[in-house]
Amino acid sequence: MKGLHNCINFILLLYLYGICTTQLLINVKNQGGDIFLETITSNVTEDVITLEFQRSDGTLVTQLIDFRNEVQIIKVLVLGEEERGQNQYQVMCFVNHFYKMDFISSDAMSKLRQKNPGTIRVAEEDKGYMNYTMDLFVDVSKSPIISKHVATFCSDALETTFTRNEDLKQWVQRPGTSESLLMAAVHNFTLSSVPRHGENTTRSTSLTKCADTSNFRASCSCSLELCIGWYPCGLKFCKSKNDGKKVASTYRCGIKTCKRYFLFSYYSKMKQNCLWDE
Ligand SMILES: *[C@@H]1O[C@H](CO)[C@@H](O)[C@H](O)[C@H]1NC(C)=O
Ligand SMILES: *[C@@H]1O[C@H](CO)[C@@H](O)[C@H](O)[C@H]1NC(C)=O
Ligand SMILES: *[C@@H]1O[C@H](CO)[C@@H](O)[C@H](O)[C@H]1NC(C)=O
C-alpha cells in the first residue's frame with residue numbers, strides 16, 4: 001500500500017504537446033526542520049535543468065545541469081556581513097563533471113507533475129557527501145569549451161569560478177572536445193606568492209585553511225557546505241498486474257527522490273570572504 005502511495009505522489013505525463021519548458025515548485029523540509037521552496041526548471045531544447053532555492057541565512061543556491069556537456073554548475077550567492085566589513089554579497093561558481101544518471105533527464109523532468117503541490121517533501125534517499133577540492137580557476141571568457149552556460153550563469157563570478165583537473169580529464173573524453181582549448185580555459189592556482197619551505201605537501205593542501213589563520217587579509221582555502229535537500233535522482237517503476245497473465249509488466253510511474261550534501265574547498269583571496277568557516 002505504501003509503495004502505491006509513493007507512486008502516485010508524482011506522475012509522469014506521457015504526452016505533452018507544445019510545451020518545452022516547465023517549472024516545478026517543491027516545498028522541501030531539511031534536517032533542521034526548515035522548510036524552503038525549491039524551483040526546478042527544465043528546458044528540453046537545451047537539455048538543461050536548473051534547481052534553485054534560498055537558505056534561511058539568505059544564501060541563494062542555483063544548480064544548473066547541462067546534460068549534453070556533462071557539466072554541473074553550482075552557483076552560490078552568499079550575503080555579506082556589512083558590519084564586519086564585507087561586501088554586500090559574493091558569488092562563487094563551482095563547475096564540475098556530471099554523470100547523466102545522477103539526475104532524471106530533462107525530458108522526464110519536463111513531464112513531471114505533482115499531485116498535491118502544497119505538500120512538504122522529504123527526500124527518500126540520502127546520497128551523503130560529495131567533496132570537491134577545486135584546484136583550477138576557470139577563465140569565464142574562454143569557458144564555452146566547457147559549457148556555454150558558464151559564461152551567462154557565472155558572469156558575476158569572473159574571479160571566483162572554479163573547476164578541477166579531475167573534471168578536465170572527464171570532459172576531454174567528450175567527442176569533439178579540444179584538449180588545447182580546454183587547457184586554455186583554466187589555470188592552476190598560483191601559490192608561488194605563499195611559498196612554504198620544508199613542507200612536503202601537495203598543492204591543494206599547501207594553502208592554509210581559512211579556519212586556521214587569524215589574518216583576515218590572508219588568502220586561504222575556504223570550505224563551503226551546502227545541501228540540495230530534494231531532487232529527482234531516478235525513475236520509479238511500478239508493476240502492473242495483468243489479469244490472466246502470469247508475468248507482471250512494469251511501467252514508469254514516478255520518481256525516486258534524493259538529497260545530497262556538497263562540500264566545496266576553494267581558493268579565497270582573503271579570510272575576510274570566508275567568515276562562516278571558523
Ligand atoms: C529554452 O531553450 C530555448 C533554446 O535555446 C530558448 O529559446 C528558450 O528561451 C529557453 N527557455 C527558457 C524558459 O529559458
Ligand atoms: C566529506 O566531508 C564531510 C564533512 O566534512 C566528511 O564528513 C566526509 O567524511 C567527507 N567525505 C569524504 C569522502 O572525504
Ligand atoms: C595543474 O598542475 C598540475 C600539477 O602540476 C598538472 O598536473 C596539471 O596538468 C595542471 N593543469 C593545468 C590545466 O595546467
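- When all heavy atoms of V172 and K169 are compared, the pair lying nearest together is CG1-O, 3.4 Å.
- In the model, E52 has a side-chain atom that pairs as donor or acceptor with a side-chain atom of T62 under 3.5 Å.
- V140 approaches A151 most closely through the heavy-atom pair CG1-CA, 3.7 Å.
- Side-chain atoms of Q63 and Q72 form a donor-acceptor pair, as typed in the model, at a separation below 3.5 Å.
- Under the 30°/60° scheme for interplanar angles, the aromatic rings of H97 and Y99 are found to stand perpendicular.
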Discussion item. Run the side chain to side chain contact (heavy atoms under 4.5 Å, CB included) test on I73 and F94 for me, step by step, so that the C-alpha distance in whole Å, both residues' side-chain angles and the decisive distance to 0.1 Å come before the verdict.
Written reply: CA-CA 6 Å; I73 312 170; F94 305 105; over 6 Å; no
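- Here the OG-OH distance, from S221 to Y267, works out to 11.0 Å after rounding to the nearest 0.5 Å.
- Shortest non-hydrogen contact noted between P232 and M109 is CG-SD, 3.7 Å.
- No path of Ile, Leu, Val, Met, Phe, Trp and Tyr side chains, each step under 4.5 Å between heavy atoms, connects L79 with I74, placing them in separate hydrophobic clusters.
- Hydrophobic clustering (ILVMFWY, side-chain heavy atoms < 4.5 Å, transitive): L136 and L263 are in distinct clusters.
- For F103 and Y231, the distance between ring centers is under 6.0 angstrom.
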Discussion item. Go through it in stages, so that I can follow the logic: the residues are L224 and Y132, the test is side chain to side chain contact (heavy atoms under 4.5 Å, CB included), and I'd like the CA-CA distance, side-chain angles, deciding distance and then a yes or no.
Written reply: CA-CA 10 Å; L224 181 67; Y132 290 110; over 6 Å; no
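- Between E159 and K269, the closest side-chain pair of non-hydrogen atoms falls below 4.5 Å.
- Both cation-pi conditions hold for K75 and F153: the charged atom is under 6.0 angstrom from the six-membered ring centre and inside a 45 degree cone around its axis.
- Taking the six-membered ring for Trp, F137 and F162 have ring centres closer than 6.0 Å.
- The closest donor-acceptor contact from the side chain of S178 to the backbone of L181 lies under 3.5 Å.
- A distance of 12.5 Å separates CD1 of I228 from SG of C233, quoted to the nearest 0.5 Å.
- To the nearest 0.5 Å, the span separating CD on Q173 from CD on E70 amounts to 8.5 Å.
- In this structure, L51 CG and S42 OG are separated by 11.5 Å, a value rounded to the nearest 0.5 Å.
- Residues L24 and E38 fail the side-chain proximity criterion, which asks for heavy atoms closer than 4.5 Å.
- Using a 3.5 Å distance cut-off with no hydrogens or angles, the side chains of T45 and N43 do pair a donor with an acceptor.
- In terms of modelled atom types and a separation under 3.5 Å, the side chain of R55 and the main chain of V61 share no donor-acceptor contact.
- Between E125 and K256, at least one side-chain nitrogen of the basic residue sits less than 4.0 Å from a carboxylate oxygen of the acidic one, meeting the salt-bridge criterion.
- The closest side-chain heavy-atom distance from V186 to L168 is below 4.5 Å.
- Both cation-pi conditions hold for K271 and F216: the charged atom is under 6.0 angstrom from the six-membered ring centre and inside a 45 degree cone around its axis.
- Put simply, the side chain of T161 never gets that close to the backbone of L158: no donor and acceptor are under 3.5 Å apart.
- Remark: C274 SG to C222 SG, distance under 2.5 Å.
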Discussion item. Does M92 form a side chain to side chain contact (heavy atoms under 4.5 Å, CB included) with V78? I'd like the steps, not just the answer.
Written reply: CA-CA 8 Å; M92 274 77 67; V78 185; 3.9 Å; yes
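- The cluster map of Ile, Leu, Val, Met, Phe, Trp and Tyr, joined by side-chain heavy atoms under 4.5 Å apart, puts W230 and L235 in the same cluster.
- Side-chain N/O atoms of D66 and S147 include a donor and acceptor closer than 3.5 Å.
- A donor-acceptor pair is defined here as one N or O able to donate and one able to accept, closer than 3.5 Å; no such pair exists between the side chain of N87 and the backbone of Y89.
- A donor-acceptor contact closer than 3.5 angstrom links the side chains of E225 and Y129.
- You'll find the side chain of K236 reaches within 4.5 Å of the side chain of E124, heavy atoms only.
- Note on L226: it does not cluster hydrophobically with L60, by side-chain heavy-atom contacts below 4.5 Å among ILVMFWY residues.
- At a cut-off of 3.5 Å, with distance as the only test, no side-chain donor of T213 or N215 sits close to an acceptor on the other residue.
- Here the side chains of Y266 and T133 are not in contact, with every heavy-atom distance at 4.5 Å or above.
- Within 6.0 Å of NZ on K100 lie more than 12 heavy atoms contributed by other residues, nucleotides or ligands.
- Side-chain contact between L112 and I104 is present, with at least one heavy-atom pair separated by less than 4.5 Å.
- Contact check on K148 versus E46 returns a salt bridge, with a Lys/Arg side-chain nitrogen under 4.0 Å from an Asp/Glu carboxylate oxygen.
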Discussion item. Working note: H149 + V71, criterion side chain to side chain contact (heavy atoms under 4.5 Å, CB included); need CA distance, chi angles, decisive distance, verdict.
Written reply: CA-CA 9 Å; H149 301 285; V71 170; over 6 Å; no
Item to complete: Apply side chain to side chain donor-acceptor pair (under 3.5 Å) to S106 and D47, showing your working.
Response: CA-CA 6 Å; S106 62; D47 204 3; 2.6 Å; yes
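- The shortest side-chain heavy-atom distance between F67 and I49 falls under the 4.5 Å cut-off.
- Interatomic distance, CZ of F53 versus CD1 of I40, reported as 10.5 Å (0.5 Å rounding).
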Worksheet entry | Audit row: T59, D57, side chain to side chain donor-acceptor pair (under 3.5 Å) steps and yes/no | CA-CA 6 Å; T59 302; D57 64 1; 2.9 Å; yes
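- The shortest distance between side-chain heavy atoms of N27 and T119 does not fall below 4.5 Å.
- Applying the disulfide bond (SG atoms under 2.5 Å apart) test to every pair with at least one member in residues 83-134, sequence neighbours left out, gives these pairs: C93-C154.
- Of all heavy-atom pairs between S223 and W276, the closest is O-NE1, 2.8 Å.
- Note: I120 CD1 to I26 CD1 = 12.0 Å, rounded to the nearest 0.5 Å.
- Note on I65: it clusters hydrophobically with M130, by side-chain heavy-atom contacts below 4.5 Å among ILVMFWY residues.
- Judged purely by atom type and a 3.5 angstrom limit, T160 uses its side chain to pair as donor or acceptor with the backbone of V91.
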